[in-house]
Amino acid sequence: MPRKRVLSLLLLLAVLALVASGCAPQIAEDGSVSAPTWIAPLAKPLEWLIEAVYTYVLTPIGLASWGLAIILVTILIRALLYPLTRKQMQSMKKMQSIQPKMKEIQEKYGKDREKLSQKQMELYKEEGVNPAGGCLPLLIQMPILFAFYYALLLLGDKLDEPFLWIPNLAYPEYGQGMAWLQPITPAHLLSPAVLPFLILPIIYVVTQFIMQRMSQASNPSVGGGSANTVMTLMPVMFGYITLIVPSGLSLYWVTSNILQIIQQGLATGWTGLPFVKKAAPATATAGAAPAKG
């Protein structure tokens, strides 16, 4: 299964690269923007939802903010996806529980890869565990991510406003690529015109690494070799994307990551965080005489 997971992640990275480079929005002669046909049925409702939260929820209470609207819609999306996320977390907990048995199998059949794979699959079947159970929520989130991107493009100039330290939620603009980072010099990157837009991508990469560490800590069977390499490349790949899309999309992504970390920590524990030590394996003490005081 680790091989299949690696192939799935590589395919996901390839799809993201193609989408980021080739799926341009449709621009009419009057300059109006519309989402591509394949994602429009999801992008348009998301645009309406963000606008509705801004207009009918936040504005009446004096908190009119497109950034806050994006955060609230992100929370709503995570809540709707929670049943799937819960199944993912339950799968991770089951994987944790069978690790001692898995280790025994690895020690016994480690030199016979075919036999090892067979015994692992038998264990998964006996315990009712699906080692690929965590992939479905990720795959479902991909269309939402693309739809959010196009929804923000459809909102256009409405997002041309600051939020927290971000001067403009619509920046970097579509089609600009990484030109706004040029020249890549310390003076330019640390300038007030550039530095505020680099903070969200940095937060994203950090939260993505934390998510992956927590995931690997709760499901050690997915780690090792090429799997670790791919898992390391993913935050870098996605981090690059956050540099070429509007800050509003990066805000959605970072908020989603933080919510995922909280959900995973509550479900499977906080092991994997930089400041949380991995729990020591329990040792058998049966039959040991109690110490005399």
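For reference, positions follow the sequence shown, starting with 1.
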With rounding to the nearest 0.5 angstrom, report the [atom1] to [atom2] distance, [X] to [Y].
| X | Y | atom1 | atom2 | answer |
| --- | --- | --- | --- | --- |
| Tyr150 | Leu155 | OH | CG | 15.0 Å |
| Met178 | Ile184 | CE | CD1 | 6.0 Å |
| Ser250 | Ile70 | OG | CD1 | 10.0 Å |
| Ile71 | Ser256 | CD1 | OG | 12.0 Å |
| Ile203 | Asn257 | CD1 | CG | 11.0 Å |
| Gln263 | Ile258 | CD | CD1 | 12.5 Å |

Classify the ring geometry between Tyr171 and Phe197 as parallel (under 30°), tilted (30 to 60°) or perpendicular (over 60°).
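Ring orientation of Tyr171 relative to Phe197: tilted.
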Would you indicate whether the side-chain heavy atoms of [Y] and [X] approach each other to under 4.5 Å?
| X | Y | value |
| --- | --- | --- |
| Gln208 | Tyr204 | yes |
| Val194 | Ser191 | yes |
| Ile50 | Phe148 | yes |
| Tyr252 | Ile144 | yes |
| Trp253 | Ile241 | yes |
| Lys158 | Glu51 | yes |
| Leu46 | Leu152 | no |

Any donor and acceptor pair, going by atom type alone, linking the side chain of Thr242 with main-chain N or O of Gly239 inside 3.5 Å?
yes
Strictly distance-based, threshold 3.5 Å: is any side-chain N or O of Trp180 a donor or acceptor partner for the main-chain N or O of Glu173?
no
Using ring pair (Phe, Tyr, Trp, His ring centres under 6.0 Å) as the criterion, list what pairs up with Trp48, not counting sequence neighbours.
none
Minimum heavy-atom separation for [X] and [Y], please, with both atom names.
| X | Y | result |
| --- | --- | --- |
| Ala151 | Ala43 | CB-O, 3.6 Å |
| Pro246 | Leu153 | CG-CD2, 4.4 Å |
| Met211 | Gln260 | CE-CG, 3.4 Å |
| Leu200 | Ser247 | CD1-O, 3.6 Å |
| Thr59 | Ala64 | OG1-CB, 3.6 Å |
| Ile261 | Ile210 | CD1-CG2, 3.8 Å |

Are Tyr56 and Leu49 linked, directly or through intermediate hydrophobic residues, by side-chain heavy-atom contacts shorter than 4.5 Å (ILVMFWY only)?
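Leu49 and Tyr56: separate clusters.
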Starting from Ile75, can I reach Tyr82 by hopping between I/L/V/M/F/W/Y residues whose side chains sit under 4.5 Å apart?
no
Could you give me the CA-CA distance, side-chain angles and deciding distance for Leu76 and Val53, then say whether side chain to side chain contact (heavy atoms under 4.5 Å, CB included) is met?
CA-CA 11 Å; Leu76 176 61; Val53 170; over 6 Å; no
Determine all donor-acceptor pairs shorter than 3.5 Å in which one atom belongs to a side chain in residues 160-169; sequence neighbours excluded.
from: Asp160; atom 1: OD1; to: Asn168; atom 2: ND2; distance (Å): 2.6
from: Glu161; atom 1: OE2; to: Trp66; atom 2: N; distance (Å): 2.9
from: Trp165; atom 1: NE1; to: Pro196; atom 2: O; distance (Å): 3.2
from: Asn168; atom 1: OD1; to: Ala170; atom 2: N; distance (Å): 2.8

Sole residue of Leu198, Leu195, Thr185 in side chain to side chain contact (heavy atoms under 4.5 Å, CB included) with Leu190:
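Running side chain to side chain contact (heavy atoms under 4.5 Å, CB included) over Leu198, Leu195, Thr185 with Leu190 returns exactly one hit, Leu195.
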